Amino acid sequence: MKVNGIVAEYNPFHNGHAYQMQHAKEATGADYTIIVMSGNFMQRGAPALLDKFTRAKMALECGADLVLELPTCYAASSAEFFAKGSVALFDKLGVTTNLCFGSECGNIDTLSRIAEIIYTEPEPYVESLRCNLKKGMSFPIARTWALLQYAPSLSDDKDVLSSPNNILGIEYLKALMSRNSKIVPFTTTRVGADYHDKRLGTNQCSAIAIRQSVAAGHDLTYLASQMPENAYEILRTSLEEQKPLFADDFSAALQYKLLTEYSSGYDCYQDISPDLSDRIRNMLPSFTGYTSFCDLLKSKDMTYTRISRCLFHILLNMTKEEFETCKSEDYISYARVLGFCKDAAPLLTEIKKNSSIPLITSLADARQTLPADALRMLDLDILRNQIYLGHLALKNKKEMVNEYRTPIVIV
């Protein structure tokens with residue numbers, strides 16, 4: 001059995017995602033495709049446009065066979081931790097043969113060479129990196145120059161580390177190396193609009209362009225050409241039923257959290273340094289909203305996205321201690337199913353036979369069977385998802401959905 005694994009957010013699912021999934025399946029000859037998908041919070045530090053079950057349905061109706069949830073502590077984290085959690089999950093399933101990802105580079109050999117240098121940290125590379133940082137270079141620039149100084153043959157690929165999908169792809173490769181995994185990496189060249197491109201194209205725009213169109217209240221019919229038909233219909237129906245969430249919908253909750261912890265500071269949370277903690281405290285009197293506060297805090301060495309992600313770490317109680325515990329427990333303790341296709345029964349059978357972690361299809365059953373460390377991670381994830389669902393309910397003046405009562409998606 002050949003099984004492709006794809007890590008995704010599908011926020012929302014569009015033509016580029018459909019192309020990647022189909023191209024990877026044809027190129028690898030895969031029998032099944034498993035998606036490890038972020039839940040209700042995204043890696044860039046924002047809530048999902050649509051809830052995780054709605055997005056899982058999009059994926060299943062557009063070619064996926066099984067969708068598993070990536071816990072929030074990885075989904076809303078840095079590229080390195082995002083990749084480590086995802087790869088650990090695929091590795092522990094025991095059935096994944098290929099890890100497939102999109103990249104601007106499209107050359108697995110180039111990406112693997114860079115990943116190997118960064119992972120093994122040869123002394124000349126480390127010394128060059130150290131010297132470049134002392135010269136005042138930002139870390140991304142210092143790392144690029146250190147790579148070129150160590151491996152001049154990479155000079156034609158010096159822009160690889162400036163593209164988001166390349167960076168994430170390199171982190172996937174590093175994670176595979178660190179686990180000595182037998183999973184074979186495969187990359188598809190990203191086609192259509194650039195990751196950050198906010199324009200709506202004729203066929204393959206970026207997810208951010210779709211989100212901004214929704215946020216601006218544009219006519220949704222224009223999005224029909226940007227998405228597979230099934231995905232578009234799911235998006236249209238969902239947005240007709242309720243308003244989506246955006247970062248500013250969490251402004252009041254964030255301000256309350258920042259005020260109540262003002263005296264102790266915020267450097268106990270993941271990715272937050274004492275300097276950033278002090279900057280947050282100094283700027284807090286000027287807080288007028290989530291996104292405007294990110295703009296106030298961003299600097300030459302800290303992007304808007306990184307700041308936004310750090311603020312969600314505070315809001316969701318994602319502490320450094322929790323991340324260290326995750327590392328010590330080898331990142332993943334269970335695989336939670338968001339949905340599957342009926343035709344994928346043989347895949348589920350193989351996972352149950354080969355997986356080193358339990359496959360969760362019922363939260364109620366999981367509470368009775370999971371070991372303590374796995375249950376602790378699951379409880380934290382349920383709480384964070386309920387925070388999302390609670391804000392969604394308040395915005396739409398509806399009763400909050402109970403995570404325990406939401407059935408998995410079966411297509």
Side-chain angles (χ1 to χ4, degrees), residues 5 7-9 36-45 68-94 96 99 101 114-121 126 129 139 143 167-183 185 265-274 276-277 302 305-306 309-336 355-360 366 370-385:
V7 187
E9 292 184 326
V36 165
M37 192 186 76
S38 302
N40 290 326
F41 293 99
M42 303 291 99
Q43 202 259 337
R44 63 192 177 85
L68 304 174
E69 181 176 8
L70 181 64
T72 306
C73 65
Y74 306 110
S77 190
S78 65
E80 181 180 14
F81 218 62
F82 182 93
K84 284 183 174 179
S86 305
V87 169
L89 179 44
F90 277 128
D91 206 37
K92 292 186 177 187
L93 291 177
T96 313
L99 178 64
F101 58 90
I114 293 172
E116 183 182 19
I117 295 170
I118 297 174
Y119 173 66
T120 58
E121 295 187 323
V126 173
L129 178 60
F139 182 80
R143 184 170 63 174
I167 293 170
L168 196 50
I170 289 168
E171 291 300 336
Y172 292 143
L173 294 167
K174 285 171 56 187
L176 288 171
M177 292 172 190
S178 71
R179 303 189 68 82
N180 195 26
S181 176
K182 294 180 180 178
I183 298 173
Y266 316 103
D267 55 349
C268 65
Y269 295 105
Q270 178 69 2
D271 292 336
I272 297 186
S273 65
L276 178 56
S277 175
M302 289 201 77
T305 296
R306 187 176 172 191
R309 186 163 56 238
C310 285
L311 293 180
F312 263 109
H313 288 174
I314 296 173
L315 181 63
L316 300 175
N317 280 325
M318 295 168 63
T319 65
K320 292 174 180 174
E321 181 182 4
E322 178 189 350
F323 280 63
E324 288 303 314
T325 300
C326 288
K327 290 179 186 178
S328 68
E329 295 171 352
D330 197 23
Y331 299 99
I332 293 290
S333 305
Y334 61 84
R336 185 179 175 190
S355 179
S356 61
I357 51 177
L359 196 65
I360 297 176
L370 285 183
D373 58 338
L375 186 57
R376 183 175 62 251
M377 176 181 281
L378 180 62
D379 282 340
L380 280 171
D381 219 39
I382 292 170
L383 173 61
R384 288 160 182 162
N385 283 313

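Worth saying up front: this structure is predicted, and the values here are computed from it rather than measured.
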Would you check if [X] and [Y] make a side-chain contact, meaning some heavy-atom pair closer than 4.5 Å?
| X | Y | value |
| --- | --- | --- |
| S38 | Q43 | no |
| L89 | I357 | yes |
| F101 | V7 | no |

- Please step through side-chain contact (heavy atoms from CB on, under 4.5 Å) for the pair T305 and R309, ending with a clear verdict. CA-CA 6 Å; T305 296; R309 186 163 56 238; 3.8 Å; yes
- Task: Taking only Lys NZ, Arg NE, NH1 and NH2, and the carboxylate oxygens of Asp or Glu, determine whether E69 and R384 approach each other closer than 4.0 Å.
- Result: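 Looking at R384 together with E69, the answer is no, because their closest N to O distance does not fall below 4.0 Å.
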- Query: Between K84 and E80, is there a salt bridge with N-O shorter than 4.0 Å?
  - Reply: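 Counted as a salt bridge, because a side-chain N and a carboxylate O are separated by less than 4.0 Å.
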- Tell me, yes or no, whether the heavy-atom count around R306 atom CZ, taken from other residues, nucleotides or ligands under 6.0 Å, exceeds 12.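 No, the 6.0 Å shell around CZ holds no more than 12 heavy atoms from other groups.
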- Query: Looking at F323, F82, F81, which hits ring-ring contact (aromatic ring centres under 6.0 Å, His included) with Y74?
  - Reply: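 For Y74, the ring-ring contact (aromatic ring centres under 6.0 Å, His included) test succeeds with only one of F323, F82, F81, which is F81.
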- What are the two closest heavy atoms between P185 and L176, and how far apart are they?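 What the structure gives for the nearest pair is CB-CD1, 4.0 Å.
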- Minimum-distance pair of heavy atoms, taken over all atoms of S333 and A374: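 Minimum heavy-atom separation between S333 and A374: CB-CB, 3.4 Å.
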- Hey, does the side chain of K92 reach the backbone of D330 with a donor-acceptor pair shorter than 3.5 angstrom?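 A pair under 3.5 Å: yes.
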- Task: Could you tell me whether the side chain of H313 and the main chain of Y269 form a donor-acceptor pair under 3.5 Å?
- Result: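 No.
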Please report the interatomic distance [atom1]([X]) to [atom2]([Y]), rounded to the nearest 0.5 Å.
| X | Y | atom1 | atom2 | value |
| --- | --- | --- | --- | --- |
| L68 | F90 | CG | CZ | 7.0 Å |
| L380 | T72 | CG | OG1 | 9.0 Å |
| M37 | E9 | CE | CD | 9.5 Å |
| Y334 | D373 | OH | CG | 10.5 Å |
| L316 | L383 | CG | CG | 8.5 Å |
| Y119 | I170 | OH | CD1 | 15.5 Å |

